[in-house]
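Presented below is the structure to which this report refers.
Since we're looking at a predicted model, the values are computed, not measured. Each residue takes its place number in the sequence, starting with 1.
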Amino acid sequence: MFGHFMGNKIARIDPVEAVNGARDGTITLIDVRETGEVAATGKAKGARHIPMMLLRSKCDPHHPEFDRALDPEKTIVLYCASGARSSSAGQMLSRMGFKDVRNLGGFQDWLRGGGAIERA
């Protein structure tokens, strides 16, 4: 449905597909930007905010601080400001055992796909 992990590169997802998946609950959307970035712009509606520096603890199913709302069997879609950090984050999640990880790219891609934002 969303493609497959391709070697060291995380597959991109079309912004409209990401917006629809988030709305339908078929994907888990994660914003990996820093807290200040999210405070300045808001975040994608429904996205979990897990800054890049917390990914190892919050997303590793074997870590005591694992976010139990994350399901390694469900499609995970990541975004940041430009797509670089979300690509790295996707590689990390794939190594942790997440089965289907996609890179939306940047926050602007979410907006281009028609996604709503929310302020913390």
Side-chain angles (χ1 to χ4, degrees):
M1 178 170 164
F2 290 99
H4 297 287
F5 177 69
M6 298 183 300
N8 288 334
K9 187 169 172 66
I10 298 300
R12 293 290 299 256
I13 185 171
D14 178 77
V16 173
E17 190 176 356
V19 169
N20 291 338
R23 184 187 58 239
D24 298 344
T26 57
I27 67 166
T28 300
L29 188 62
I30 300 176
D31 184 332
V32 299
R33 297 176 300 156
E34 298 303 318
T35 301
E37 292 173 283
V38 173
T41 64
K43 67 179 180 69
K45 185 175 181 182
R48 303 191 69 72
H49 177 229
I50 305 175
M52 187 76 172
M53 65 184 222
L54 296 179
L55 278 180
R56 289 196 193 281
S57 59
K58 298 293 185 185
C59 296
D60 183 350
H62 304 293
H63 195 282
E65 293 180 27
F66 174 63
D67 183 341
R68 302 267 177 232
L70 300 177
D71 181 354
E73 301 296 320
K74 189 173 180 180
T75 299
I76 303 290
V77 176
L78 304 143
Y79 74 90
C80 60
S82 68
R85 282 177 287 177
S86 51
S87 179
S88 294
Q91 292 172 26
M92 186 184 310
L93 266 60
S94 290
R95 286 191 301 270
M96 289 179 190
F98 284 80
K99 304 290 185 225
D100 188 18
V101 183
R102 305 279 145 251
N103 182 8
L104 172 60
F107 183 65
Q108 292 300 316
D109 292 304
W110 173 259
L111 297 175
R112 272 194 293 281
I117 63 168
E118 59 189 22
R119 302 273 178 184

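In this structure, Leu111 and Ile117 have side chains that are in contact, with non-hydrogen atoms separated by less than 4.5 Å. Side-chain contact between Thr35 and Pro51 is present, with at least one heavy-atom pair separated by less than 4.5 Å. Using a 4.5 Å cut-off on side-chain heavy atoms (C-beta onward), Ile76 and Phe98 make contact. When side chains are defined from C-beta on, Trp110 counts as touching Leu29, because their heavy atoms get closer than 4.5 Å. With contacts defined as side-chain heavy-atom distances shorter than 4.5 Å, the pair Thr28/Leu70 qualifies.
Between atom OG of residue Ser86 and atom CG of residue Asn103 there is a gap of 3.5 Å, rounded to the nearest 0.5 Å. Note: Leu55 CG to Met96 CE = 6.5 Å, rounded to the nearest 0.5 Å. Residue Glu73 holds its CD atom at 5.0 Å from NZ of Lys99, rounded to the nearest 0.5 Å. Within the model, atoms CG of Leu104 and CG of Asp14 stand 9.0 Å from one another, a figure rounded to the nearest 0.5 Å. Separating the CZ atom in Arg102 from the CD1 atom in Ile30 is a distance of 13.5 Å, to the nearest 0.5 Å. In this structure, OG on Ser87 lies 5.0 Å from CD on Gln91, to the nearest 0.5 angstrom.
Taking every heavy atom of both residues into account, Met52 and Ser88 meet most closely at CE-CB, 3.7 Å. What you find for Cys59 and Ile50 is that their closest heavy atoms are SG-CD1, 4.0 Å. Here the shortest heavy-atom pairing between Ala84 and Cys80 reads N-SG, 3.7 Å. Considering all non-hydrogen atoms of both residues, Ser94 and Val101 come closest at OG-CG2, 3.8 Å. Of all non-hydrogen atoms in Val19 and Gly113, the two that sit nearest each other are CG2-O, 3.6 Å. Pairing each heavy atom of Ala18 with each of Val77, the nearest pair is CB-CG1, 4.4 Å.
If you chain together hydrophobic residues whose side chains sit under 4.5 Å apart, Phe107 and Val16 never meet in one group.
Counting only distance, with no hydrogens or angles, the side chain of Arg119 and the backbone of Ala40 share a donor-acceptor pair below 3.5 Å. A distance-only check finds a donor-acceptor pair linking the side chain of Lys74 to the backbone of Gly25 [under 3.5 Å].
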Step-by-step side-chain contact (heavy atoms from CB on, under 4.5 Å) determination, Arg56 to His63: CA-CA 8 Å; Arg56 289 196 193 281; His63 195 282; over 6 Å; no
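Side-chain contact of Arg33 with Thr41: a donor-acceptor pair under 3.5 Å is present, judged by distance alone. For the residue pair Tyr79 / Asp109, no side-chain donor-acceptor distance below 3.5 Å is found, with atom types taken as modelled.
Between Arg85 and Glu37 there is a salt bridge, with a side-chain nitrogen of the basic residue lying less than 4.0 Å from a carboxylate oxygen of the acidic one. Between Asp67 and Arg48 there is a salt bridge, since at least one side-chain N of the basic residue sits less than 4.0 Å from a carboxylate O of the acidic one.
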